[in-house]
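The structure presented is a predicted model; accordingly, all values stated were derived computationally and were not measured. The chains referred to below are lettered A, B, ... by the order of the sequence lines, with proteins before strands, and numbering in each begins at 1.
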There are 2 protein chains.
Amino acid sequence: MEKLDAIAALAALAQGTRLDVFRLLVQAGTDGMPAGQIGERLDLPSATLSFHLNQLRHAGLVTFRREGRSLIYVAEYAAMNGLLAYLTENCCQGDASACGIGVCDGSALINIKKGPVQ
Amino acid sequence: MEKLDAIAALAALAQGTRLDVFRLLVQAGTDGMPAGQIGERLDLPSATLSFHLNQLRHAGLVTFRREGRSLIYVAEYAAMNGLLAYLTENCCQGDASACGIGVCDGSALINIKKGPVQ
DNA sequence: TCCATATTTCCAATATCGTGGAAATATGGA
DNA sequence: TCCATATTTCCACGATATTGGAAATATGGA
């Protein structure tokens, strides 16, 4: 992950509403959640929610797919793992693999890969 | 780590100059680095550097100690580990320990603790 | 085609951030 | 005490972020 990508991801998450949205999507897993349902859960006006979803999308932290009239937003686990890897890249005298950074792919526990990010 | 602490840490790191400063201090390890040397390395005006060091300090990401006329800034590894733990807290259907989040304490490799953050 | 629903875009107002020159403060040494 | 060095505080400017009402757009169904 490049520095500018890391900054974009950090800035996107450094905001209460967006952190709430992202964590909700992380919990929702790979099924994702329609925008309307996110707004309902977090009690957000549609324009406000749309703005924040766009920020998260531009930062690469979420994607979406259309299903009928709904747009289903999904957390981008690879981006989160990349951010964790970037933050720990300079730890441990440069031997990031020594940190054993965990990864999450959003699916069932049996699918979770162990070991350092590539 | 509480939500507001996480947001403060994310916001502090979501800025090019501060990310540079923090990573420099992470590399410097527990010895830290005097403010003047940080400014020299990153070519920053003293007022600008001071402002950013303050932001990092308020976010709990760095501390400092005085040594003569110099203030030695040091990365706060616990805060970084707390942030990583917070970000992955909602992964894996709530079983964060399954992610095996790595930790770094800034000292030699032999001191690195393995396993999930408490 | 017409309507209801889901979501986005447009817009303006307010608030906060990042920058760096200049002055102030703290420390140590002569 | 006086000076040099290290760093911070003060200040003001321009840039960027957050908010939400209102209007626009897209989709699906009757």
Same cluster (ILVMFWY, side-chain, under 4.5 Å), B:L24 and B:L49: yes
Closest nucleotide among C:dG18, D:dT5, D:dT7 to the B:R69 side chain: D:dT5
Base-pairing mate for C:dC2 - Watson-Crick or G-U, with both contacts under 3.5 Å: D:dG29
Candidate nucleotides C:dT19, C:dT27, D:dT8, ranked by approach to the side chain of B:T17 - the nearest: C:dT19
Ion pair B:D20/B:R41, N-O distance below 4.0 Å: no
Atom-pair distance (CG on A:L44; C1' on D:dT19), nearest Å: 11 Å
Spacing of B:L10 atom CG relative to D:dA17 atom P, expressed in whole Å: 16 Å
Atom-to-atom span, CG of A:L53 to P of C:dA6 - whole angstrom: 16 Å
Within 45° cone and under 6.0 Å: A:R57 NZ/CZ vs A:Y73 ring: no
Joint cluster assignment, B:L25 & B:V74, ILVMFWY side-chain distance < 4.5 Å: no
Residue-phosphate contact under 4.0 Å: A:H52 side-chain N/O, D:dT19 OP1/OP2: yes
N/O (side chain, A:N54) to phosphate O (OP1/OP2, C:dT9) under 4.0 Å: yes
Proximity to DNA chain C (any heavy atom under 4.0 Å), residues of residues 34-41 of chain A only: A:P34, A:A35, A:G36
Nucleotide of C:dG18, D:dA22, D:dT7 approaching B:F51 most closely (side-chain heavy atoms): C:dG18
B:Q55 CD - C:dG20 C1' separation (whole Å): 15 Å
Rounded distance (Å) that lies between atom C1' of D:dG20 and atom CG of A:L42: 16 Å
Whole-Å gap separating P (D:dT7) and CZ (B:R57): 14 Å
Residue B:P45, side-chain atoms from C-beta onward, closest of C:dT9, C:dG20, C:dT8: C:dG20
Along DNA chain D (nearest heavy atom to each residue), the more 5'-positioned of A:R18 and A:A47: A:R18
From A:R23 atom CZ to A:L42 atom CG, the distance as rounded to the nearest 0.5 Å: 11.5 Å
Nearest-nucleotide pick for A:T48, side chain only, options being D:dA22, C:dG21, D:dT19: D:dT19
Phosphate OP1/OP2 of D:dA26 contacted by A:R66 side-chain N/O (<4.0 Å): no
Single-linkage hydrophobic cluster, 4.5 Å side-chain cutoff, A:F51 and A:L61 together: no
Length of the CG-P vector between B:D43 and C:dT19, whole Å: 13 Å
hydrophobic_cluster_shared for A:I38 and A:L19, side chain cutoff 4.5 Å: yes
Rounded distance in Å - CD (A:E67) to C1' (D:dG29): 18 Å
DNA chain C: 5'-proximal contact among B:A11 and A:Y73 (nearest heavy atom): A:Y73
Nucleotide nearest B:S70 when distance is taken to its side chain, options D:dA22, D:dT7, C:dG18: D:dT7
From CG (B:L10) to CZ (A:R18), nearest 0.5 Å: 10.5 Å
Watson-Crick or G-U wobble partner of C:dA12, both distances under 3.5 Å: D:dT19
Distance test, side-chain N/O of B:Q15 to OP1/OP2 of C:dT19, below 4.0 Å: yes
